[in-house]
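Here's the structure, in structure tokens; my notes come after.
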Amino acid sequence: MYSKNEERELLRKTEQMVAEARDQKAPDERDDLDKLRDILRYHEWKYYVKNEPVIPDPDYDSLFQLLKSWEEKKPDWITADSPTQRVGSDLSADFPTVQHLVPMLSLGNASSEEDLQQFSDQIKRLLKDETQQDFDFVSEPKYDGSSLALLYENDLLVRAATRGNGIEGDDITNNVRTLKTVPLRVPFSKYGVQRAELRAEALIPLDDFQKLNEEREKQGLTTFANPRNAAAGGLRMKDPAEASRRGIEVIVYQLGFLTDPQNNDLLKDFELHSDTLELLDKLGFKSSFEDHRVHSGLEDLAAHMKEWEAKRSDYPYEIDGMVVKVNQLEIQRKTGSTSHHPRWAIAYKFKAKQATSKLLKVDYQVGKIGTITPVAKIQAVPLAGVTISSVSLHNEEFIRSKDIRIGDRVLVERAGDVIPYIVKPLTEFRNGEQEIINFPEYCPVNDTEEQVNLVKLEDEAAWRCPRCVCGKQDLQKMIFFVSKDAMDMAGLGKSLIERFYRLDMVKRIPDLYRLDYEKVSRLEGFGEKSAANLKKAVEESKNRPLRRLLYSLGIHHLGKRASAIIAAEVDEVWDLKNWEEEDYLQLKDIGPVLAKNMVGYFSDDHNLNLLRELEELDINLKSTAQDKPTERKDGPLSGKSILFTGSLGKFSRKEAQKMAEEAGARNISAVSSKLDILVAGEKAGSKLKKAKELGTVEIMTEDEFVELVERT
Ligand code: IVH
């Protein structure tokens, strides 16, 4: 349909037009309108036919509005094929075409309180010749899926169609019949209804959408950019079983047509839109009834819009705004529709969650264990209420798989509170100036003369700097060390550490305990009192339980839980110097990767020196009462440590450990002078040998152990 070159050119023009859309005056020439129409047609094709929009909806909307305003100023220049003269079409050749009973129109847009005011004023103006009538508004979520028309006759679903061009749609009844939220039989006849056409949205709940994409990724299939595309595509599958598998749900939001067997309009019997929603609910449809609200004033309406925008990310479905409708059906009929949208309804659009921007350059950040994270610096764009100028690129593989290049126009998304990410580069924009991102070979944050090669461990996505010579890893280590779940130094956070670091007041973790508070009190923003408070927080942190200290060290893969499990097993940190991988592996929930890292950490002099320094600074390295699970004080094995080795005959090792615990003993996993009892089963090996050599360990058989614990 379009060549690559044409697409590139159209996108370049789009960008320019979007940027200038707000300041555009009336067009000078007929040609300007033609060019804008070409741009809009191209995006309609991308959106409806290819299901691959390349610009965010608000950009399209603003260009559409621009064309409309131009055409209003120059009505002679309107052409029959202008995008404004029809509603968008998603018709495809694969399904039979059917006529909707009532045209499926679009909606006008609002994005501020003023827009809502204008909308309301306009309705009042339209009604001015009538006896002044009061009206209310109803608001409902604007579901961001794919629209459908459902036709019921004599209580049965007889047809389901896509919106198509608004007049005609694709007949996708067989696919829709597989969707469990669409009742195939509905007791309309109880209400005297013979024929009903309903407007609905097909959607995939966000949770299911995520699972769907994960599943597809596992199967090596391409993932969907959003639930809307997945639902729209699903409804158009040739195989209804595939449509059914995508977890599509259907939510009804409007009763469009309702007649009795004599073809009399029954909608006239309803006074309010909210009453029709109640009926839909009663009839068993999933509908906007659940989340609709009636507003008697604009103030209440505007506040409600803000409330929903704020909680948008908690909603289980993707919504891109709210639809505001006049509640009184009579007023709806009186105000009528343009060829594009009803005058009695408007879409209040939330701020876009997607935006496009240009990738200017890639910066790199180093983490506490040397992980190098590439970060894209992009031209600042507003996105869902904040301005974004940098976005993580995660790792080399992320850049490769998405083929992201410097100079690319990229689609950025920020869903809810989630940190922004790059959805994809818009390759149509490439003009030959884009540069491939070559991941650095040497540590990119290191500003010293010495070059350090980056390394990548097997099974890991990240490159790491294995030997920091510039101190930046120590900075990250300090930031982590003081954090809330680690040593928890109140008042000492990332920015303050960075400030102390820049001032050469702290360079490594032990320096945190050597702060010159005299100097601190003289810093801007500090005084004697705040310096004293800081000192208090730092001093207090010296007595944290061992599990917190272990966690604070930032050992790769060592989380809070594993830190607690390990701390419960030792008397002091130095015990870990003698631990081997298999000692760790005996502990519940500790896997081989962590075991290896732990042994690696405690056999590195650099780390042991750090611990020695901390010990000299009076930081607690011993396990405390908080590190030990509560032990029974009066059991036959109270106060004893115990270890099982070899294969046991009567019990599994877990059962035996549990029995020992119940008898007051503490299970430990290594043979050392701290071990009191070793229970040796069959084929006991090196542990038994070591215990014998030590001479201080009581060695017993399984039977002897049982006899001991059964003693009361
Ligand atoms: S009412 C004549 N209500 O928004 C009635 N539409 O731009 C016009 N949509 O494709 C639509 N949620 O599929 C209405 N609660 C809602 C809606 C809703 C989503 C979609 C609809 C249409 C688009 C209108």
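Whatever order the structure lists ligands and atoms in, that order sets their numbers, starting from 1. Every value quoted in this text rests on a predicted model; they were computed, and no experiment measured them.
- Sorted by first then second residue, the salt bridge (charged side-chain N to carboxylate O under 4.0 Å, His left out) pairs that include residues 102-120, not counting sequence neighbours, are Glu113-Lys306.
- Asp155 places a side-chain N or O within 3.5 Å of a backbone atom of Ser189 that can act as its donor or acceptor partner.
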**Request:** Begin with the C-alpha distance, continue with both residues' side-chain angles, and end with the deciding distance and a verdict on ring pair (Phe, Tyr, Trp, His ring centres under 6.0 Å) for Trp308 and Tyr315.
**Result:** CA-CA 9 Å; Trp308 269 77; Tyr315 200 64; 5.2 Å; yes
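- Classification of Lys311 and Glu309 as a salt-bridged pair fails, no side-chain N sitting under 4.0 Å from a carboxylate O.
- With Phe137 as the partner, the side-chain contact (heavy atoms from CB on, under 4.5 Å) test is satisfied by one option alone out of Val294, Asn327, Leu298: Leu298.
- At a heavy-atom cutoff of 4.0 Å, ligand 1 is surrounded by Ser106, Leu107, Glu140, Pro141, Lys142, Tyr143, Ser147, Glu201, Tyr253, Val323, Lys325, Pro342, Trp344.
- Looking at Arg195, its side chain never comes within 3.5 Å of a backbone N or O of Asn263 through a donor-acceptor pair.
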